Amino acid sequence: MGIPETLRWDGDRLVLIDQTRLPADVHWVACETPEQVAEAIRGMVVRGAPAIGVAAAWGMALAARGARGHGRDAALARLREAASTLVAARPTAVNLAWAVAALLAHAEGTPGDGAALAEALTAEARRLHDADVATNRAIGQAGRAVVPDGANVLTHCNAGALATAGYGTAVGVLRAAHEAGRRLHVWVDETRPYWQGARLTAWELVQLGIPATLITDSMAAHFMARGAVDLVVVGADRIAANGDTANKIGTYGLAVLAAAHAIPLYVAAPRSTFDASVASGAGIPIEERPEAELTHVAGRRLAAEGVGVANPGFDVTPAHLIAGIITEVGVLTPPYGPAIQAALAARSPSYSAT
Ligand code: MRU
């Protein structure tokens with residue numbers, strides 16, 4: 001069937017594939033207000049750093065369209081209110097705040113009343129959406145060189161087409177290597193507690209015809225020790241100015257294991273995932289997720305009643321454990337501070353706010 005679009009604009013509403021129901025059901029959710037988009041982000045209907053950024057951009061367009069009959073000041077007030085609601089939906093992936101800030105700045109820089117802002121923000125969200133796909137394809141082109149022919153690659157969480165507006169970041173790198181004719185095999189971490197690997201990455205790789213084997217997160221060390229993993233490629237939710245990278249919980253553990261086995265770990269991410277305002281990983285907020293994700297499986301309680309539960313959604317991998325950061329402007333290598341500054345200043349196909 002191919003991988004369906006993560007999100008699409010339907011003329012006057014945003015339509016999202018419901019990622020909480022994949023792969024069993026392909027079901028679509030329509031959003032007509034920014035509040036509905038925020039709810040979809042909070043509820044993981046749409047997830048993955050770039051995808052929530054693009055969804056939030058459309059959320060801002062929806063807010064502007066809802067204020068079409070208003071004067072400029074009232075429309076801008078509505079946009080600021082929508083911006084706070086959207087940014088508050090999830091704290092770790094910086095693409096969300098980045099996209100909302102870009103759309104708000106675009107509105108502030110566009111003259112005219114609510115109708116003019118609605119038209120401008122709809123066009124701007126379209127531009128950001130299309131640029132995300134182009135950016136991911138560029139990440140794939142830049143990153144495929146790190147995947148040798150015959151490689152066994154381990155990945156964690158879902159950083160594929162579903163986590164973006166299309167093509168994917170970490171999975172995009174694997175996809176680009178596959179499209180270039182390289183043979184590869186992917187070890188897919190199931191990614192507890194939310195199963196993004198088992199449900200989403202495994203499904204995408206099957207659709208793409210890339211050989212893949214599902215493992216529990218705790219099996220990675222075993223396969224690394226046996227020489228069955230040549231490299232690790234993961235996505236990112238926020239990368240600090242020094243290269244420290246927040247990604248799905250379990251990534252840091254993988255990075256430590258990879259270092260212990262002299263296996264390179266690469267992060268693949270667009271420049272919209274860099275947060276130059278945060279000096280190191282210590283400044284990245286980590287989302288605490290609901291207890292039920294650990295205690296229950298498919299709605300049924302498995303964990304002992306009365307036990308305490310911790311459920312951080314992300315962890316931070318220190319820059320020194322990362323062999324390279326694959327971006328749309330090339331593969332960055334240490335020292336990351338200057339490499340990130342240069343990447344952020346470089347020209348590229350990716351979106352820049354106007
Ligand atoms: O909680 P999620 O599913 O939104 O977490 C997603 C991840 O951690 C991804 O690896 C990351 O956003 C990169 S997506 C291209």
Side-chain angles (χ1 to χ4, degrees), residues 48-50 53 92-95 97-99 131-148 151 153-157 159-160 163-164 167-177 180 182 230-248 251-252 254-256 258-259 262-284 314-352:
T92 303
V94 76
N95 307 59
W98 168 83
D132 185 60
V133 183
T135 295
N136 297 332
R137 288 189 176 276
I139 290 171
Q141 292 308 305
R144 69 181 189 190
V146 309
V147 184
V153 188
L154 193 150
T155 192
H156 189 66
C157 195
T164 66
Y167 202 75
T169 56
V171 173
V173 168
L174 307 181
R175 213 167 153 170
R182 305 228 174 95
D230 299 304
L231 69 155
V232 179
V233 186
V234 295
D237 288 87
R238 193 184 296 225
I239 302 174
N242 70 346
D244 290 354
T245 295
N247 190 49
K248 181 52 55 194
T251 304
Y252 173 43
L254 270 183
V256 171
I263 295 167
L265 177 138
Y266 291 93
V267 169
R271 294 181 301 168
S272 51
T273 302
F274 288 102
D275 183 354
S277 75
V278 166
S280 75
I284 300 178
F314 302 89
D315 57 25
V316 174
T317 298
H320 71 91
L321 295 177
I322 299 170
I325 304 177
I326 305 165
T327 74
E328 67 272 34
V329 292
V331 182
L332 315 188
T333 51
Y336 288 117
I340 289 171
Q341 273 178 25
L344 289 175
R347 292 169 66 86
S348 87
S350 63
Y351 175 87
S352 59

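One is the number of the first residue; the rest follow in order along the sequence. Only a predicted model underlies this, so the values are computations on that prediction, with no experimental measurement involved. Because only heavy atoms are used, hydrogens play no part in the values below, and waters and symmetry mates are left out as well, while side chains stay in.
Within the 3.5 Å criterion, the main-chain N or O of Y167 finds no donor-acceptor partner in the side chain of R137. A distance-only check finds a donor-acceptor pair linking the side chain of Y336 to the backbone of I322 [under 3.5 Å]. Side-chain atoms of R144 do not come within 3.5 Å of backbone N or O of R182 as any donor-acceptor pair. Proximity of a side-chain donor or acceptor of D275 to a complementary backbone N or O of A240 within less than 3.5 Å is not detected. Using a distance-only test at 3.5 Å, with no hydrogens or angles considered, no donor-acceptor pair links the side chain of Q141 to the main chain of A176.
With Y252 as the partner, the side chain to side chain contact (heavy atoms under 4.5 Å, CB included) test is satisfied by one option alone out of T245, D315, N247: D315. Tested against L254 for a side chain to side chain contact (heavy atoms under 4.5 Å, CB included), the candidates V232, T155, I263 yield a single pass: V232.
With values rounded to the nearest 0.5 angstrom, T327 atom OG1 is found 9.5 Å from I340 atom CD1. Atom CD of Q341 sits about 12.0 Å away from atom CG of L332, to the nearest 0.5 Å.
Looking only at atom types and distance, the side chain of T169 has no donor-acceptor partner in the side chain of N136 under 3.5 Å away.
The minimum heavy-atom distance linking V329 with A343 is given by the pair CG2-CB, 3.8 Å. A259 and L321 make their closest contact through CB-CD2, 3.8 Å (heavy atoms, listed as atom of the first residue, atom of the second, distance). The two residues D237 and A49 make their nearest non-hydrogen contact at OD2-CB, 3.7 Å. Between R238 and I284, the shortest heavy-atom distance links the atoms O-CD1, 3.6 Å. Considering all non-hydrogen atoms of both residues, V171 and G160 come closest at CB-CA, 3.5 Å. Contact detail for A269 and I139: the closest heavy-atom pair is C-CD1, 3.6 Å.
Using a 4.5 Å heavy-atom threshold, the side chains of P50 and T135 count as separate. Within the 4.5 Å cutoff, no side-chain heavy atoms of S272 are placed close to those of D132.
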Please determine whether side-chain contact (heavy atoms from CB on, under 4.5 Å) holds for the pair V173 and Y266, giving the CA-CA distance in whole Å, both sets of side-chain angles, and the decisive distance to 0.1 Å.
CA-CA 10 Å; V173 168; Y266 291 93; over 6 Å; no
